[in-house]
Amino acid sequence: MNYDYDVIVVGGRVAGSATALLLARLGYRVLIIDRSHPSKDTFSTHAIMRSGVLQLQRWGLLQRILDHDTPPIRRIVLGFGQQEISFDFREAFGVEALYAPRRHILDVELLAAAIEAGAEFRQGYRLLDLIFAENGRVTGIQANANGTQTELRARFVVGADGMRSRVAAAVNAPAYETHPAVSTYAYGYFAGISSGSYDAYFVPGVAAGFIPTNDGLTAVFTARPNNGSLIDDDEFYRLAAAASPNMMAQLKTAERMSPFYRTLGLPGFLRVPGGPGWALVGDAGFTKDPISAHGISD
Ligand SMILES: Cc1cc2nc3c(=O)[nH]c(=O)nc-3n(C[C@H](O)[C@H](O)[C@H](O)COP(=O)(O)OP(=O)(O)OC[C@H]3O[C@@H](n4cnc5c(N)ncnc54)[C@H](O)[C@@H]3O)c2cc1C
């Protein structure tokens with residue numbers, strides 16, 4: 001069979017671009033398709049954990065993230081009711097801080113690096129279905145390419161298309177360890193918060209915290225158990241006050257610079273991650289509650 005590519009990666013954000021980058025650096029002919037573009041912000045905060053920063057460093061991309069004046073986070077503060085502990089980030093393997101770049105910076109830099117490594121990117125391509133050989137192996141994709149239906153062949157198709165993965169649905173990838181959405185979240189961006197650390201505060205039934213990011217802004221989040229209703233503006237501040245009076249004191253003098261973004265929560269699950277001619281990466285294979293702040297790093 002004539003293949004157009006060695007690998008087609010569906011989804012061009014953190015998981016897809018990182019996978020494409022590594023494959024292209026190994027010399028494979030890689031195509032990334034995305035129905036959208038990673039320069040559009042996505043619904044997510046963006047605290048990267050040590051493993052994620054380490055990967056950026058190893059791939060030679062950390063400096064590109066720092067070039068956007070992404071602030072270093074060298075201290076972590078954890079509050080549990082009256083008790084608060086803080087600790088400094090320990091330098092290891094050349095990584096001296098954590099970072100929380102906005103997704104329109106992180107995802108765009110990852111995609112740019114994948115393209116520089118030789119991957120091709122096609123925007124406005126929405127996966128419709130996979131193409132299967134008679135023996136059941138995946139051999140390509142059917143996509144809506146900016147309004148035109150098209151078929152492309154590849155030895156391998158990688159689903160990096162998020163938790164509602166079309167690739168996973170097409171191959172019927174079984175999910176396991178499934179859990180309902182238990183926590184409801186809201187977050188927004190504020191100016192004038194000087195914390196400079198990852199702060200996470202917990203009291204029974206409430207979590208809240210600070211994630212310092214680009215442009216002098218801090219992503220502030222609150223969370224509580226999912227009772228079927230979203231966190232409205234008033235409740236956002238009530239939850240912050242309940243989680244930590246210190247946090248609320250800082251919020252009072254801060255200026256909100258964005259709307260609040262809200263979700264009832266995310267289910268958690270793993271999916272069987274691969275089969276003949278296909279694989280799943282990122283949220284497509286492993287979606288978890290955002291409180292873990294590990295989706296990007298994983
Ligand atoms: C409220 C909230 C807060 C979070 N906070 C954090 C945090 O602080 N730290 C952290 O590490 N993680 C966090 N996460 C999780 C994180 O956002 C995800 O783990 C991460 O975005 C997964 O990246 P991905 O590349 O796998 O998928 P996605 O970011 O979902 O990207 C999937 C891509 O696939 C494309 N796509 C989808 N379907 C198709 C199709 N049919 N055809 C073509 N393209 C398609 C989409 O356009 C998209 O670009 C949070 C999530 C939420 C909801």
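By convention here, the first residue in the shown sequence is residue 1. For ligands, and for the atoms within them, numbers begin at 1 and follow the listed sequence.
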Would you please determine whether F221 falls within less than 4.0 Å of ligand 1 on a heavy-atom basis?
-> no
Answer yes or no: does an N/O atom from G16 fall short of 3.5 Å to an N/O atom of ligand 1?
-> no
Any N or O of A47 that comes nearer than 3.5 Å to an N or O of ligand 1?
-> yes
In plain terms, say whether R74 and D88 are close enough for a salt bridge, that is, a side-chain N and a carboxylate O under 4.0 Å apart.
-> no
May I ask you to identify the nearest protein heavy atom to atom 29 (O) of ligand 1, giving residue, atom name and distance to one decimal place in Å?
-> R103 NH2, 3.2 Å
Who gets closest to atom 34 (O) of ligand 1 by heavy atom: D161, L106, I48?
-> D161
Of the listed options G209, P290, A293, closest to atom 2 (C) of ligand 1 (non-hydrogen atoms) = P290
Find out if a path of hydrophobic residues (ILVMFWY) with successive side-chain heavy-atom gaps under 4.5 Å connects F89 to V77.
-> no
Following the transitive rule for hydrophobic clusters with a side-chain heavy-atom cut-off under 4.5 Å over Ile, Leu, Val, Met, Phe, Trp and Tyr, establish whether L127 and F132 coincide in one cluster.
-> yes
Does any non-hydrogen side-chain atom of L110 lie less than 4.5 Å from one of L61?
-> yes
Do you reckon V206 sits in the same ILVMFWY cluster as M247, going by side-chain contacts under 4.5 Å, direct or chained?
-> yes
For the pair D161 (side chain) and V167 (backbone), establish whether a donor and an acceptor sit closer than 3.5 Å, ignoring hydrogens and angles.
-> yes
Which atoms from ligand 1 have a heavy atom of G282 less than 4.0 Å away?
-> 26 (O)
Non-hydrogen atom of F43 closer than 4.0 Å to ligand 1 | yes
Under a 4.0 Å heavy-atom limit, does T42 contact ligand 1 with its side chain, its backbone, both, or neither?
-> neither
Hey, quick one: are Y261 and L106 part of the same hydrophobic cluster, counting side-chain heavy atoms closer than 4.5 Å, chains of contacts allowed?
-> yes
Decide, yes or no, whether a salt bridge links D233 with R262 under the criterion of side-chain N to carboxylate O below 4.0 Å.
-> yes
From the options D283, I211, L111, select the one whose nearest heavy atom is closest to atom 26 (O) of ligand 1.
-> D283
For atom 50 (C) of ligand 1, the protein heavy atom that lies nearest, with its residue and separation | S44 OG, 3.2 Å
Taking the non-hydrogen atoms of H37, is any one of them nearer than 4.0 angstrom to ligand 1?
-> no
Distance, nearest 0.5 Å, that separates CD1 of I73 from CG of D199 = 9.5 Å
Which bit of R164 gets closer than 4.0 Å to ligand 1, counting heavy atoms only: side chain, backbone, both or neither?
-> neither
In terms of side-chain heavy atoms, does S229 have a donor or acceptor partner in N227 at a distance below 3.5 Å?
-> yes
Would you say ligand 1 has an N or O under 3.5 Å from any N or O of A15?
-> yes
Going by the atom numbers of ligand 1, which of them fall below 4.0 Å from some non-hydrogen atom of H294?
-> 10 (C), 11 (O)
Residues L152, L31; criterion side chain to side chain contact (heavy atoms under 4.5 Å, CB included); working and verdict | CA-CA 10 Å; L152 292 163; L31 170 69; 3.5 Å; yes
Rounded to the nearest 0.5 angstrom, the CD1-CG distance for I296 and L56 is 10.0 Å
Polar-atom distance check: R166 versus ligand 1, any N or O pair below 3.5 Å?
-> no
Ligand 1 and L127, any nitrogen or oxygen pair closer than 3.5 angstrom?
-> yes
Mind checking whether F80 and F202 have parallel, tilted or perpendicular rings, split at 30° and 60°?
-> parallel
Please report which non-hydrogen protein atom sits nearest to atom 8 (O) of ligand 1, along with the residue it belongs to and the distance in Å to one decimal place.
-> T45 OG1, 2.8 Å
Are R256 and F236 in a cation-pi setup, meaning NZ or CZ lies under 6.0 angstrom from the ring centre and within 45 degrees of the ring axis?
-> no
Quick check: does R35 get an N/O under 3.5 Å from an N/O on ligand 1?
-> yes
What is the nearest protein non-hydrogen atom to atom 47 (O) of ligand 1, stated with its residue, atom name and distance?
-> D34 OD1, 2.6 Å
If you measure from each non-hydrogen atom of P38 to ligand 1, which part falls under 4.0 Å: side chain, backbone, both or neither?
-> neither
Start with the C-alpha distance between Y237 and T222, add both sets of side-chain angles, then the distance that settles side chain to side chain contact (heavy atoms under 4.5 Å, CB included), and finish with yes or no.
-> CA-CA 8 Å; Y237 292 101; T222 62; over 6 Å; no
Ranked by distance from atom 27 (O) of ligand 1, the top protein heavy atom is G162 CA, 3.8 Å
Does any N or O atom in Y187 lie less than 3.5 angstrom from one in ligand 1, N or O only?
-> no
When only distance counts, is T263 in polar contact with ligand 1, meaning an N/O pair under 3.5 Å?
-> no
closest protein heavy atom to atom 23 (O) of ligand 1 is V14 CG2, 3.2 Å
